[in-house]
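Structure record follows, encoded as structure tokens.
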Amino acid sequence: MKRSYRHWALFLIVVIIVPCQQAVTQGKKPNIVILATGGTIAGAAATGTQSAYTSGAVTIDAMVNAVPGIKDLANIKGEQIANVGSQDMSFDIMLKVAKRINELLPTNDVDGIVITHGTDTMEETAYFLNLVVKSDKPVVLVGSMRPSTAVSADGPLNLYNAVAVAGDPRAKGRGVLVIMNDHIHAAHSLTKTSTTDVQTFLSPLRGLVGVVSYGKSDFYNTPPWKHTTASEFDVAQVTKLPRVDIIFADVDMSPDLIDASAANGAKGIVIAGVGNGNMNKVSVDAAARAVKKGVVVVRSSRVPTGLVGRNVELNDDELGFVASDELNPQKSRILLSLVLLKPRPASEIQQIFTTY
Ligand code: ASP
């Protein structure tokens with residue numbers, strides 16, 4: 001009698017209770033928090049076909065409510081962190097976003113984060129978060145090229161796809177991602193390439209992390225650089241970042257801007273150099289003067305693709321410069337701002353530029 005009771009109990013557990021629990025777990029929707037910062041995705045115009053509009057005019061709740069089916073993908077909570085065009089994105093807002101993510105992701109009730117953001121400086125915020133988020137859970141930035149009121153607005157489907165990717169366990173451990181126009185980009189590699197085209201973001205050197213179509217993703221690439229949980233950069237106690245200026249190189253450039261930058265308190269200067277991070281002789285001399293004053297000079301390039309290599313046409317070892325490797329000027333500035341939170345020799349900074 002006792003024995004058959006045990007058999008029944010075992011039957012109940014194996015055949016009924018366990019599968020039921022699995023079904024509940026498998027069917028569970030992920031919990032996604034959307035941190036809204038503004039941008040064209042939250043923009044509005046007076047008509048659906050005009051080019052003039054105001055960025056950051058729509059709230060996150062209105063944006064979510066405008067996307068059919070998005071609430072079937074995930075349990076969504078929205079938080080309005082800012083509502084600016086990303087030309088007005090600042091380190092203050094970026095630090096706020098980073099700190100909020102680092103508060104939310106360690107909890108069991110958040111599976112992923114989506115950040116709505118303007119496209120103008122999206123690559124900078126994405127790369128910044130890639131360096132300072134302390135979790136391998138998905139963090140996804142999304143924007144749009146057309147305002148929410150436009151005919152054929154691209155924001156709603158981009159947002160739908162971003163929520164799907166942020167709730168997808170396969171997105172874990174790939175660093176911060178950007179979703180635009182069905183493409184999944186890595187923060188390290190993407191760059192904005194068109195002022196107006198919906199297909200504006202490209203990852204020219206490394207290609208896509210994956211694609212996403214109507215919420216169905218395919219991942220085929222994992223970025224090889226250090227990021228998030230492997231990153232040494234921590235902004236928990238940081239309220240201000242050191243000043244780093246970008247100076248654009250061109251034909252017959254004057255060295256005055258380099259001298260002015262060093263004289264006005266920049267701790268780092270990124271040269272958006274010609275070709276392989278080059279600049280004319282007078283500018284090399286000015287940059288070398290800046291290095292002697294303790295300013296870190298990074299040579300990046302104004303050319304959209306390709307590496308900036310060390311000791312190619314300039315002797316970086318002698319001049320004390322750092323080569324940006326694959327980072328464009330705007331991302332070099334982000335990395336250098338974090339690097340300069342503590343003093344380091346140029347050799348260590350060079351090593352960081354090739355591993356992050
Ligand atoms: N100026 C806008 C912004 O970056 C452009 C956009 O979002 O596409 O906020």
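Quick caveat, the model's predicted, so the values are computed rather than measured. Any value given below was found using the heavy atoms of this structure, including those in side chains, with hydrogens, waters and symmetry copies removed. Atoms within each ligand, like the ligands themselves, are counted from 1 in listed order.
- Nearest to atom 4 (O) of ligand 1 among the protein's heavy atoms is S86 OG, 2.5 Å.
- A donor-acceptor contact closer than 3.5 angstrom is absent between the side chains of Q350 and D316.
- D111 places no side-chain N or O within 3.5 Å of a backbone atom of G167 that could act as its donor or acceptor partner.
- Not one N or O of K192 is nearer than 3.5 Å to an N or O of ligand 1, by distance alone.
- For the 3.5 Å distance criterion, the side chains of N181 and D154 fail to qualify, holding no donor opposite an acceptor.
- Checked by distance only, ligand 1 and D120 come closer than 3.5 Å through their nitrogen or oxygen atoms.
- Heavy atoms of S55 found under 4.0 angstrom from ligand 1 belong exclusively to the side chain.
- Remark: ligand 1 atoms within the under-4.0 Å shell around heavy atoms of S144 are 6 (C), 7 (O), 8 (O).
- At under 3.5 Å, not a single nitrogen or oxygen of Y53, backbone or side chain, sits near a nitrogen or oxygen of ligand 1.
- Near Q87, meaning under 4.0 Å from any of its heavy atoms, are these atoms of ligand 1: 1 (N), 2 (C), 3 (C), 4 (O), 9 (O).
- Of the N or O atoms in T121, none lie within a sub-3.5 Å distance of an N or O in ligand 1.
- The aromatic rings of H188 and Y127 sit perpendicular, their planes meeting at an angle over 60°, well past the 30° parallel limit.
- Checked by atom type, the side-chain pair Q50/T47 shows a donor-acceptor distance below 3.5 Å.
- Residue G85 approaches ligand 1 through these ligand atoms, each under 4.0 Å from one of its heavy atoms: 9 (O).
- Between K226 and T355, the side chains place no donor N or O within less than 3.5 Å of an acceptor N or O (distance only, hydrogens not considered).
- For T107 and D109, the side-chain atoms include at least one donor-acceptor pair closer than 3.5 Å.
- Shown in contact with T40 at under 4.0 Å from a heavy atom are these atoms of ligand 1, numbered in order with element: 2 (C), 5 (C), 6 (C), 7 (O), 8 (O), 9 (O).
- Looking at atom 8 (O) of ligand 1, its nearest protein heavy atom turns out to be T119 OG1, 2.5 Å.
- In this structure, a donor-acceptor pair under 3.5 Å is absent between the side chains of T200 and D197.
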